[in-house]
> 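Questions regarding the structure given below will be posed in turn.
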Amino acid sequence: MQIASLSRLFDATGGLIWHARALRSRRSLWRPFLEEVSSFLDQAPPGHQNLVLVGPSAGWCLSDKFLQNFGSITCIDPDPLAPILFNFIHGAALRRSRAKLKWIDADFFADPLLYLGQGEDQLVLFCNVAGQLFLNSQSQGDVEARLAAIPNILSGYDWGSFHDLLSAPIQQSLPARRLSSKLDGERLISDYGQGGTWLDHWTANFLPGEVPRVIIPWQLKPKRLHLVEAGWVS
Ligand SMILES: C[S@@+](CC[C@H](N)C(=O)[O-])C[C@H]1O[C@@H](n2cnc3c(N)ncnc32)[C@H](O)[C@@H]1O
């Protein structure tokens, strides 16, 4: 393994720490979150054979049932451990459904069109990655500009995303909330009966405002709650 790959094992958005946390929490602390993500995936626009996953990591948050809908799956993620662990988690199910799996080690947002095939028959899913971009960037304007470009770049494609919207150092069991369109972050927090200081993940404008969405609370750690936004654009 080369030095660049090694450093990615400790990347702020994925890598060893992420995998260790996912392994420990997915059947316990994360269970309510993963069940809601699974329901969101069940609502994906139908009729696609090819799936493009951006930042899937090992697919800790993805269900076999969802992945088995596709004949080919392209995963774009620079984490060198992701393909091995993805195979460990989903390999048996994908062998049963005979899906072809391809990995691309790249930063999707540097040149999105490079990684998308032509044609209608492609569904693109951003897998909890948009809300992580701020970790490797100094500038809110830069992250928001990269995200704001995506809806135009993907016009003509069906696509979806689940991503961190806001997070705070609290432990709180909150229900998922279905919204017919965008809701201001402060209003969302106060509607949940919460206050205090929340971290903004700079994704508030990623999904076009008129798109219906679900807000999924995610207790990432015992004392860290994320509000994840999930929606489909078609
Ligand atoms: C929080 S993890 C996502 C976890 C994933 N949803 C799962 O089910 O396990 C974020 C992932 O996004 C990847 N990532 C971060 N920036 C990326 C980029 N610019 N392009 C592609 N993948 C990226 C990281 O390597 C990491 O695996």
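Indexing begins at 1, ligand by ligand and atom by atom, following the structure's order.
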> Which ligand 1 atoms does Pro78 reach within 4.0 Å, using its non-hydrogen atoms?
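Near Pro78, meaning under 4.0 Å from one of its heavy atoms, ligand 1 has 21 (C), 22 (N), 23 (C), 25 (O).
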> Regarding Ser167 and Trp198, do their side chains bring together a donor and an acceptor under 3.5 Å, going by distance alone?
no
> Going by the atom numbers of ligand 1, which of them fall below 4.0 Å from some non-hydrogen atom of Ala106?
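Those qualifying, in numeric order: 20 (N), 21 (C).
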> For ligand 1, is any non-hydrogen atom under 4.0 Å from Pro56's backbone (N, CA, C, O), its side chain (CB onward), both, or neither?
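Within the 4.0 Å criterion, Pro56 contacts ligand 1 through backbone atoms alone.
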> Would a 4.5 Å heavy-atom cut-off, applied to side chains only, mark Leu199 and Arg224 as touching?
yes
> Please could you name the atoms of ligand 1 that Ile76 approaches to less than 4.0 Å, counting only its heavy atoms?
21 (C), 22 (N)
> In ligand 1, which numbered atoms sit nearer than 4.0 Å to a non-hydrogen atom of Trp60?
7 (C), 8 (O), 9 (O)
> Look at atom CD of Glu186 and say whether more than 12 heavy atoms of other residues, nucleotides or ligands are closer to it than 6.0 Å.
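Not buried by this count: 12 neighbours or fewer within 6.0 Å.
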> Would you say Cys61 and ligand 1 have an N/O pair spaced under 3.5 Å apart?
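Among all N and O atoms of Cys61, at least one is under 3.5 Å from an N or O of ligand 1.
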> Please work out whether any backbone atom (N, CA, C, O) or any side-chain heavy atom from C-beta onward of Ala82 is under 4.0 Å from ligand 1, and answer side chain, backbone, both or neither.
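Ala82 to ligand 1: no contact under 4.0 Å from either part.
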> Below 4.5 Å, heavy atoms only, C-beta onward: do Val54 and Leu125 meet side chain to side chain?
no
> Judging by distance only, is a nitrogen or oxygen of Phe108 under 3.5 angstrom from one on ligand 1?
yes
> Take every heavy atom of Ala22, measure it against each atom of ligand 1, and state whether any distance is under 4.0 Å.
no
> Return yes if a side-chain donor-acceptor contact under 3.5 Å exists between Ser72 and Asn50, otherwise no.
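There is such a pair (donor and acceptor under 3.5 Å, judged by atom type) between the side chains of Ser72 and Asn50.
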> Nearest heavy atom to atom 27 (O) of ligand 1: which of Asp77, Asp105, Leu220, Leu81 does it belong to?
Asp77
> So for Ala110, does at least one of its heavy atoms come nearer than 4.0 angstrom to any atom of ligand 1?
no
> State whether the shortest distance between N or O atoms of Gln132 and N or O atoms of ligand 1 falls below 3.5 angstrom.
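No: no nitrogen or oxygen of Gln132 is under 3.5 Å from one in ligand 1.
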> State plainly whether the residues Glu36 and Arg31 are in salt-bridge range, i.e. N to O under 4.0 Å.
no
> Does a side chain donor of either Glu144 or Asn205 reach within less than 3.5 Å of an acceptor in the other side chain?
no
> For atom 17 (C) of ligand 1, state which one of Leu125, Asn128, Val129 supplies the nearest heavy atom.
Val129
> Would you tell me whether Gln122 and His48 have side-chain atoms, one donor and one acceptor, within less than 3.5 Å of each other?
no
> Is Cys127 in polar range of ligand 1, meaning some N or O pair under 3.5 Å apart?
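Looking only at distances, the answer is yes, because the N/O contact criterion of under 3.5 Å is met.
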> Aromatic ring centroids of His163 and Phe206 under 6.0 Å?
yes
